[in-house]
Amino acid sequence: MANGLLEGKVGIIFGALDEKSIAWQTALKCHEQGAKIVLTNAPVALRMGGIQDLADIIGAEVIPADATSMEDLDNLIVKSQEILGGKLDFILHSIGMSINVRKKKEYTDLNHDWMLKTFDISAISFHKVMQTAMKLDAMNEWGSIVALSYMAAQRVFPDYSEMAESKALLESFARSFGYHWGKKSKVRVNTISQSPTMTTAGSGVKGFSDFYSYSDTMSPLGNASSQACADYCVTLFSDLTRMVTMQNLLHDGGFSSMGMEPDVLSL
Ligand code: NAI
């Protein structure tokens with residue numbers, strides 16, 4: 001259903017690893033709606049994933065960048081503006097990784113050096129991206145910056161481990177930096193709090209498939225898919241949501257408003 005919502009807009013999408021990635025689906029939908037895009041991911045992910053296939057489909061260039069490296073981000077944002085012919089209208093931060101989760105450390109026995117790395121990759125990178133874009137004056141007026149979050153920022157999901165704190169930090173950066181972006185150039189900054197989604201990052205969480213079914217049953221509309229999340233990103237990059245900023249927007253099929261769902265008892 002292409003209706004040119006992003007006609008004439010240009011942006012950078014972080015985090016498309018494979019077809020399951022939320023960023024991958026978002027890139028496809030943004031392209032369908034008329035946007036021109038630069039794709040980026042960490043150098044190691046570029047070697048593992050199939051991002052070039054996506055780039056071929058949507059006619060995008062791929063620029064490697066470790067989102068924790070200010071040097072890489074500087075290079076990415078300078079080059080993207082050259083490729084896209086000017087300032088950016090949107091940025092999607094779709095990045096998450098926990099070393100403690102990957103190494104199956106219990107929450108009560110975490111390695112704190114790894115925890116700092118997790119925060120750097122999953123949350124502080126969002127600040128780094130925004131700081132670099134601001135320093136380079138790289139955003140057009142009324143642009144839109146979005147990052148992906150999860151409700152463990154507000155509520156306890158025991159197996160989500162230190163990613164809960166990463167998401168709390170991420171959401172806080174969206175609010176705080178959203179203030180400065182709004183004042184500077186009417187750019188809006190929001191996070192989308194997405195349902196559990198079957199992706200590489202998602203399924204790395206312990207007991208993910210049981211939790212996915214639980215959440216699907218708890219949500220009157222079911223879990224939101226990566227394609228539905230991509231549609232929501234399109235609306236946030238479009239001119240139809242210009243006055244929405246500094247928000248954590250729940251995209252969860254109703255999960256967050258539920259108290260009791262009898263169908264869960266029969267799972
Ligand atoms: P994914 O595994 O497809 O994407 C995560 C991406 O982060 C990968 O492309 C990976 O290469 C990238 N990344 C990791 N370290 C990086 C670094 N140093 N620099 C640049 N990129 C790096 O998984 P998914 O699910 O699409 O994740 C996207 C976002 O959505 C993440 O922030 C995740 O926490 C969030 N999210 C995911 C949910 C899920 O259940 N899958 C639910 C709610 C939020």
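Since this is a predicted model, take the numbers as computed values, not measurements. Counting starts at 1 for both ligands and their atoms, following the listed order.
Short contacts between ligand 1 and D66, defined as distances under 4.0 Å to a heavy atom of the residue, involve ligand atoms 17 (C), 18 (N), 19 (N). In the vicinity of S94, heavy-atom distances shorter than 4.0 Å reach the ligand 1 atoms 5 (C), 6 (C), 7 (O), 28 (C), 29 (C). Each of the following atoms of ligand 1 lies closer than 4.0 Å to a heavy atom of P196: 40 (O). For ligand 1, the atoms lying closer than 4.0 Å to a non-hydrogen atom of G202 are 39 (C), 40 (O), 41 (N). Shown in contact with Y150 at under 4.0 Å from a heavy atom are these atoms of ligand 1, numbered in order with element: 43 (C). Taking a cut-off of under 4.0 Å to the non-hydrogen atoms of L148, the atoms of ligand 1 that pass are 29 (C), 30 (O), 32 (O), 35 (C). Interface atoms of ligand 1 facing A45, defined by a heavy-atom separation under 4.0 Å, are 11 (O). The contact set between ligand 1 and Q194, taken as ligand atoms under 4.0 Å from a residue heavy atom, comprises 42 (C), 43 (C).
Contacts of S122 with ligand 1, taken as heavy-atom pairs under 4.0 Å, are absent altogether. Only the backbone of S195 comes within 4.0 Å of ligand 1, counting heavy atoms alone; no side-chain atom from C-beta on gets that close. Residue-level proximity to ligand 1 for S149 is carried by the backbone, the only part with a heavy atom below 4.0 angstrom. Under 4.0 Å from ligand 1, the heavy atoms of I121 that appear belong solely to its side chain.
Considering L17, L92, I22, V205 only, the shortest heavy-atom separation from atom 37 (C) of ligand 1 involves I22. Comparing heavy-atom distances from atom 8 (C) of ligand 1 across P43, G15, G96 singles out G15 as nearest.
Given atom 2 (O) of ligand 1, the protein heavy atom at minimum distance is A201 N, 2.9 Å. Among all non-hydrogen protein atoms, the one lying nearest atom 3 (O) of ligand 1 is S21 OG, 2.6 Å. For atom 13 (N) of ligand 1, the closest non-hydrogen atom on the protein side is I95 CG2, 3.7 Å. Ranking protein heavy atoms by distance to atom 12 (C) of ligand 1, first place goes to N41 OD1, 3.6 Å.
Ligand 1 has no atom lying under 4.0 Å from any heavy atom of S193. At least one heavy atom of F208 sits less than 4.0 Å from an atom of ligand 1. A heavy-atom separation below 4.0 Å is found between K167 and ligand 1.
Q52 and D56 share a side-chain donor-acceptor pair at under 3.5 Å. With no hydrogens or angles considered, a side-chain donor-acceptor pair links T200 and D18 at under 3.5 Å. Counted by atom type alone, N100 and S98 present zero donor-acceptor pairs between their side chains at under 3.5 Å. R188 and T241 share a donor-acceptor pair across their side chains, judged by distance under 3.5 Å alone. A donor and an acceptor atom, one from each side chain of T217 and D263, are nowhere located under 3.5 Å apart. For the residue pair T118 and E162, a side-chain donor N or O sits within less than 3.5 Å of a side-chain acceptor on the partner. A donor-acceptor contact closer than 3.5 angstrom links the side chains of E171 and Q154. Side-chain polar atoms of H251 and S195 form no donor-acceptor pair below 3.5 angstrom.
Where the criterion is an N or O separation shorter than 3.5 Å, residue side chain and backbone included, D18 fails it with respect to ligand 1. Backbone and side-chain nitrogen or oxygen atoms of T199 are examined, and one is located within less than 3.5 angstrom of a nitrogen or oxygen of ligand 1. For a threshold of 3.5 Å applied to N or O pairs, the pair formed by T197 and ligand 1 contains at least one separation below that value. Checked against a 3.5 angstrom limit, the closest N/O atoms of K20 and ligand 1 fall outside it. Considering backbone and side-chain N/O atoms, M163 never comes within less than 3.5 Å of an N/O atom of ligand 1.
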- Task: Given salt bridge (Lys or Arg N to Asp or Glu O under 4.0 Å), test K206 with E106 step by step and report yes or no.
- Result: CA-CA 10 Å; K206 191 171 129 197; E106 291 299 324; 3.6 Å; yes
- Assess whether ring pair (Phe, Tyr, Trp, His ring centres under 6.0 Å) is satisfied between F211 and F157, documenting all intermediate values. CA-CA 10 Å; F211 175 64; F157 294 83; 5.6 Å; yes
- Can you list the steps and then say if I57 with L28 is a side-chain contact (heavy atoms from CB on, under 4.5 Å)? CA-CA 8 Å; I57 296 168; L28 289 176; 4.1 Å; yes
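Of all non-hydrogen atoms in T191 and S149, the two that sit nearest each other are CB-CB, 4.2 Å.
Inter-residue side-chain proximity for M163 and Y160 is flagged as met; some heavy-atom pair is nearer than 4.5 Å. Counting heavy atoms from C-beta outward, D74 and L136 have side chains that approach closer than 4.5 Å.
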